[in-house]
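Remember, it's a predicted structure, so these values are computed and weren't measured experimentally.
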Amino acid sequence: FRTTQMQANYSGEILNYPHNIFLNFWLELGILGLISFAWIIFLAYKQYKKSQGQNPLAVAAGVYILIMLIHGLVDAPYFKNDLALLFWFMIAIFYL
């Protein structure tokens, strides 16, 4: 990402990665990785809809995933090790 910005003579601040979770997934994992991430989010949403109202822990996990996706529009919180682990813990909560 940084090399491409430098080659294009970008006049703004040169960044190491795009500050968007979807663009970052696309850059790091390719289009298949982006589609896989979207599919995982879709499956988690379906599982959340099954348990909504019955499990307050699932509601909290759903709120976390939603906040992470909204925050991901301006930053890439997934690619920090501790936040990626927390993401998978929240996905696992839907299946408990």
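- Two residues are said to be in side-chain contact when any heavy atoms from C-beta on lie closer than 4.5 Å; M68 and I21 meet this criterion.
- Q47 CD to L96 CG: the interatomic distance, rounded to the nearest 0.5 Å, is 9.5 Å.
- A heavy-atom distance below 4.5 Å is not found between the side chains of W88 and I93.
- Between the CG atom in L34 and the CH2 atom in W26 there is a gap of 7.0 Å [rounded to 0.5 Å].
- Looking at heavy atoms from C-beta onward, I35 lies in side-chain contact with I31 at the 4.5 angstrom threshold.
- Using a 4.5 Å heavy-atom cutoff, the side chains of L73 and F22 are in contact.
- Here the CZ atom belonging to F87 is positioned 4.5 Å from the CZ atom belonging to F37, to the nearest 0.5 angstrom.
- Contact detail for I91 and Y95: the closest heavy-atom pair is O-CD1, 3.3 Å.
- If you chain together hydrophobic residues whose side chains sit under 4.5 Å apart, I40 and L43 fall into the same group.
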Stepwise side chain to side chain contact (heavy atoms under 4.5 Å, CB included) test for L69 and I41: CA-CA 10 Å; L69 291 175; I41 295 297; 3.9 Å; yes
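- F25 and W39 end up in the same hydrophobic cluster when Ile, Leu, Val, Met, Phe, Trp and Tyr side chains are linked at under 4.5 Å.
- Between M90 atom CE and I67 atom CD1 the span is 10.5 Å, to the nearest 0.5 Å.
- Using a 4.5 Å heavy-atom cutoff, the side chains of Y45 and I65 are not in contact.
- Side-chain contact between Y64 and L86: present, with at least one pair of heavy atoms (C-beta onward) separated by less than 4.5 Å.
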